[in-house]
Undergrad: 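Please see the structure below; I have some questions.
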Amino acid sequence: MQDLQKKLLDFAEARDWKQFQSPKNLAMAISIEAAELMEHFQWLTPKESVTLSGEKRKKVSYELADVFMYTITNG
């Protein structure tokens, strides 16, 4: 986990994004990405939510990855 966290921090630093990674901004980013994740399930039944198409599952995985990325990034 520490290796992944370091790679993400190095990635952000190489792009000069560290200046934006305050606790406030990271909390807001997590919330926004979580909302984007929830949007994929908004009108689905519980049964539909576990039987996503391949394309929908891919989109959901990207949003989940965004939430995870911001969650493990330190401010």
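Values below: all heavy atoms of this structure, side chains included; hydrogens, waters and symmetry mates excluded.
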Undergrad: For Q19, I'd like to know if atom CD has over 12 heavy atoms of other residues, nucleotides or ligands within 6.0 Å.
TA: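 Atom CD in Q19 is crowded, with more than 12 foreign heavy atoms closer than 6.0 Å.
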
Undergrad: Is the closest side-chain heavy-atom distance between Q5 and L8 below 4.5 Å?
TA: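 The answer is no, as the side chains (C-beta and beyond) never meet within the 4.5 Å cut-off.
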
Undergrad: Please enumerate all residues that pass ring pair (Phe, Tyr, Trp, His ring centres under 6.0 Å) together with F11, with sequence neighbours excluded.
TA: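 Checked F11 against ring pair (Phe, Tyr, Trp, His ring centres under 6.0 Å); matches are W17.
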
Undergrad: Nearest 0.5 angstrom please: F68 CZ to L37 CG, how far?
TA: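 These two atoms lie 14.0 Å from each other.
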
Undergrad: Consider side chain to side chain contact (heavy atoms under 4.5 Å, CB included). Of H40, E55, E39, which one does V60 pass it with?
TA: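 By the side chain to side chain contact (heavy atoms under 4.5 Å, CB included) criterion, V60 pairs with just one of H40, E55, E39: H40.
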
Undergrad: Can you tell me how far the CE atom of M69 sits from the CG atom of L64, to the nearest 0.5 Å?
TA: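 If I round to the nearest 0.5 Å, the distance is 12.0 Å.
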
Undergrad: To the nearest 0.5 Å, how far apart are CD in Q2 and CG in L9?
TA: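 Between atom CD of Q2 and atom CG of L9 there are 11.5 Å.
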
Undergrad: Mind running side-chain contact (heavy atoms from CB on, under 4.5 Å) on D66 and I32 for me, showing each step along the way?
TA: CA-CA 10 Å; D66 288 344; I32 291 164; over 6 Å; no

Undergrad: Could you state the interatomic distance from OG (S22) to CE (M28), rounded to the nearest 0.5 Å?
TA: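 Going from the OG atom of S22 to the CE atom of M28 covers 9.0 Å.
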
Undergrad: Between Y70 and I30, what is the shortest heavy-atom contact and its length?
TA: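 Closest pair (atom of Y70, atom of I30, distance): CB-CG1, 3.5 Å.
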
Undergrad: Would you give the length of the straight line joining atom CD of E36 to atom CE of M38, rounded to the nearest 0.5 angstrom?
TA: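 One finds 10.0 Å between CD of E36 and CE of M38.
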
Undergrad: So which heavy atom on L26 is nearest to which on Q21, and how close?
TA: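 Here L26 and Q21 meet closest at CD1-O, 3.7 Å.
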
Undergrad: Does the S61 side chain pair with the main chain of K58, one donor and one acceptor, at a distance under 3.5 Å?
TA: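 Yes; at least one donor-acceptor contact below 3.5 Å.
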
Undergrad: Are more than 12 heavy atoms from other residues, nucleotides or ligands located less than 6.0 Å from atom OH of Y62?
TA: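 Check fails, neighbour count at 12 or below.
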
